[in-house]
There are 2 protein chains.
Amino acid sequence: MKIGMSDQLATLPDTRTPDWAKLLGAADIAPSRLGDAVIERLTEAIIDGRLKPGDPLPSEGQIAATFGISKPIAREALRELAAMGVIQVQQGKVSRVRAIDSGPLARFYRFAVGSTKQGLREAVELRRMLEPHIAAFAAERRTEADIAAMRAILVRMEETLGDVPAWIEADLAFHNQIAAMAHNRLVVLQLKGLEPVVRIMMVRFNAREARTMDDWRVTLGRHVRIAEAIEAGDPAAAEAAMRSHFAAADAAIRDIFGPDPSPGGTG
Amino acid sequence: MKIGMSDQLATLPDTRTPDWAKLLGAADIAPSRLGDAVIERLTEAIIDGRLKPGDPLPSEGQIAATFGISKPIAREALRELAAMGVIQVQQGKVSRVRAIDSGPLARFYRFAVGSTKQGLREAVELRRMLEPHIAAFAAERRTEADIAAMRAILVRMEETLGDVPAWIEADLAFHNQIAAMAHNRLVVLQLKGLEPVVRIMMVRFNAREARTMDDWRVTLGRHVRIAEAIEAGDPAAAEAAMRSHFAAADAAIRDIFGPDPSPGGTG
DNA sequence: ACCTAGAAACTTATCAGTTAAGTAGAGTGG
DNA sequence: CCACTCTACTTAACTGATAAGTTTCTAGGT
């Protein structure tokens, strides 16, 4: 890799090739594959709205022809887009643009969390950061239909008191409903993406010991208080109720995951 | 609706094939492609830690041989995993497991937000929900090194007062640093994933009008107050400071995105 | 005239074999 | 001991073919 005109330059390590990777902000990009052009074009068309969910895409053959590449490469590009959750491809039918859902997000969290207690604890903490604010927005923006749906879920929770698996599903539905009441699609997706990870935690949490019927009623009561504050349209109260809901479960959660990280520790 | 066994049944639309898709919880799964087995196996190996970041994967040929599939299919599976951000594949080298970063998250938000004001508003709102709590955790867990890094960024912000592009980068770095101080990897990834979308907003926000040097100093002052609360280890103060930081920018943001959604409106 | 069964056309899924290009390590010569 | 070349291995891409699922249209029967 000597570029100089004196032989000494050749022996210098790499002072002259500092850190191109960082300088160019491109650490690990492959030197441009042909399929990337397809991905990029379709991506921007979808993002800026020229292609809407449900719209059909050209077939593999057509894409291959228009981009001047072979069918397998065009196919690869489509499958990559499918892996991102952006399009839907099915045998026999042309691929179609797909409305974004929480699938990619859920997969991301699954990988990010892994199967470590550490990861689970962080995911639960992230949810704890979000939900009080979500409750506050829900209290501001809820509609009559929202309130009715929330009440129905509360009834369902009461009916499943003591039935751990059914309770977990009703509980998750309750929190998802509150997210929906904030009328922010991104928030709904966010909470739905966290759901699989949260479900793992809930299974552990609710399986830790035998709980009396009174314990269950106390838990239900905390949810009722959240619902009441939202129904009353009181953001501050809703936020506070959600906060104390999580605080109450805190001791048990620490039981499962261990203490909070020490400042200088593993994070 | 008649459900009898008379010949009229044949004319009924599809009462007898209710909603298999929903019943089976599988709305749109393709009838199992060969490559899916590869994806699933590698996925679980990575999630449960048998494969760690940096570990090499078998080559296309080896995968094809062990799974009894052809090379192009094995290749497709690897590229799909790469599209999920789970592995890194480069010409000439074997694929390797990759530590998860904010890339997939950023891409998700880009698609979810699209190019609508509505989406941008929702993303900004999501960030607003997160950051006060992040600041509170940062105040609890910050280390000396964290504080030093935060101070350095504050100095950088002061130096770039009035220089919009440089200010934006310093501002983003400040908030990212606070996220890092919460010592929760998921939170860091979360904020980094939102960054591209937030940057778009900031460009619009900071370009709206000519601001006096005093305006700039007021903005910087709000950041200083956040930093001071975190440095003092006061979670409540940090959260409050972050809240008022966002509240101050609220009017201008509403200027850009329009008013908050009406409860029954477009959400 | 209408409805239905079946063929035809089009789509994706998968295979095999081949060529090109990039990477890394072994070997060789200075 | 260092630097260079050569080789073996990897991914990138193409070609051409077969299988299997969807849709559409037509031909036939009622």
Side-chain angles (χ1 to χ4, degrees), chain A residues 1-4 6-14 17 20-21 26-39 42 54-83 87-98, chain B residues 7-14 17 20-21 26 28-39 42 54-83 87-98:
Chain A
M1 49 179 79
K2 54 201 166 186
I3 320 178
S6 92
D7 50 8
Q8 289 180 335
L9 269 175
T11 65
L12 287 174
D14 47 14
T17 61
W20 289 113
D28 54 348
I29 49 162
S32 111
R33 298 177 305 115
L34 295 181
D36 288 343
V38 180
I39 294 179
L42 288 177
D55 284 354
L57 262 50
S59 70
E60 289 179 358
Q62 285 173 316
I63 290 178
T66 52
F67 282 85
I69 59 179
S70 68
K71 267 198 299 186
I73 301 305
R75 177 184 164 74
E76 252 183 47
L78 288 178
R79 290 242 63 108
E80 283 183 61
L81 285 169
I87 69 172
Q88 180 180 27
V89 23
Q90 214 175 95
Q91 186 177 8
K93 301 199 286 193
V94 292
S95 303
R96 284 177 182 279
V97 179
R98 192 165 131 171
Chain B
D7 51 9
Q8 291 173 333
L9 265 178
T11 65
L12 287 174
D14 48 15
T17 60
W20 289 112
D28 54 349
I29 49 163
S32 111
R33 298 175 305 114
L34 294 181
D36 288 343
V38 180
I39 294 178
L42 289 177
D55 284 355
L57 262 51
S59 71
E60 289 179 357
Q62 286 173 317
I63 290 178
T66 52
F67 282 86
I69 60 180
S70 68
K71 268 198 298 186
I73 301 305
R75 178 184 162 76
E76 251 184 48
L78 288 178
R79 291 241 63 105
E80 284 184 61
L81 284 168
I87 68 172
Q88 180 180 27
V89 26
Q90 211 174 96
Q91 187 177 6
K93 300 199 288 192
V94 292
S95 303
R96 286 179 181 278
V97 179
R98 191 167 135 171

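What you see is a predicted model; the values in this text were computed from it and never measured. Order of the sequence lines fixes the chain letters, A, B, ..., with proteins taken first and strands second; residue numbering starts at 1 for each chain.
What you find for A:I69 and A:L34 is that their closest heavy atoms are CG2-CB, 3.9 Å. Across A:G35 and A:I73, no two heavy atoms sit closer than the pair N-CG2, 3.8 Å. Shortest non-hydrogen contact noted between B:V94 and B:L57 is CB-O, 3.9 Å.
Between B:R33 atom CZ and D:dA19 atom C1' there is a gap of 16 Å when expressed in whole angstrom units. The separation between B:I63 atom CD1 and D:dT10 atom P is 11 Å, rounded to whole Å. Whole-Å rounding puts the A:R96 CZ to D:dT23 C1' distance at 11 Å. Here the P atom of nucleotide D:dA13 and the CD atom of A:E80 are 10 Å apart, to the nearest Å. Counting to the nearest Å, the C1' atom of C:dG22 and the CG atom of A:L34 are 15 Å from each other. D:dT15 atom P lies 11 Å from atom CD1 of A:I73, rounded to whole Å. If you measure from atom CZ of B:F67 to atom C1' of C:dT14, you get 17 Å, rounded to the nearest angstrom.
Between B:R33 and B:E80 there is a salt bridge, since a side-chain N of the basic residue sits under 4.0 Å from a carboxylate O of the acidic one. The existence of a salt bridge linking A:E60 and A:K71 is excluded, since no basic side-chain nitrogen approaches an acidic carboxylate oxygen closer than 4.0 Å.
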Expected rows: protein N/O vs nucleotides 5-12 of chain C N/O, under 3.5 Å:
unit_1	atom_1	unit_2	atom_2	d
C:dT12	OP1	A:E60	N	3.2
C:dT12	OP2	A:E60	N	3.1
C:dT12	O4'	A:G92	N	3.4

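The backbone N or O of B:G54 lies less than 3.5 Å from a partner atom in the side chain of B:R96, making a donor-acceptor pair.
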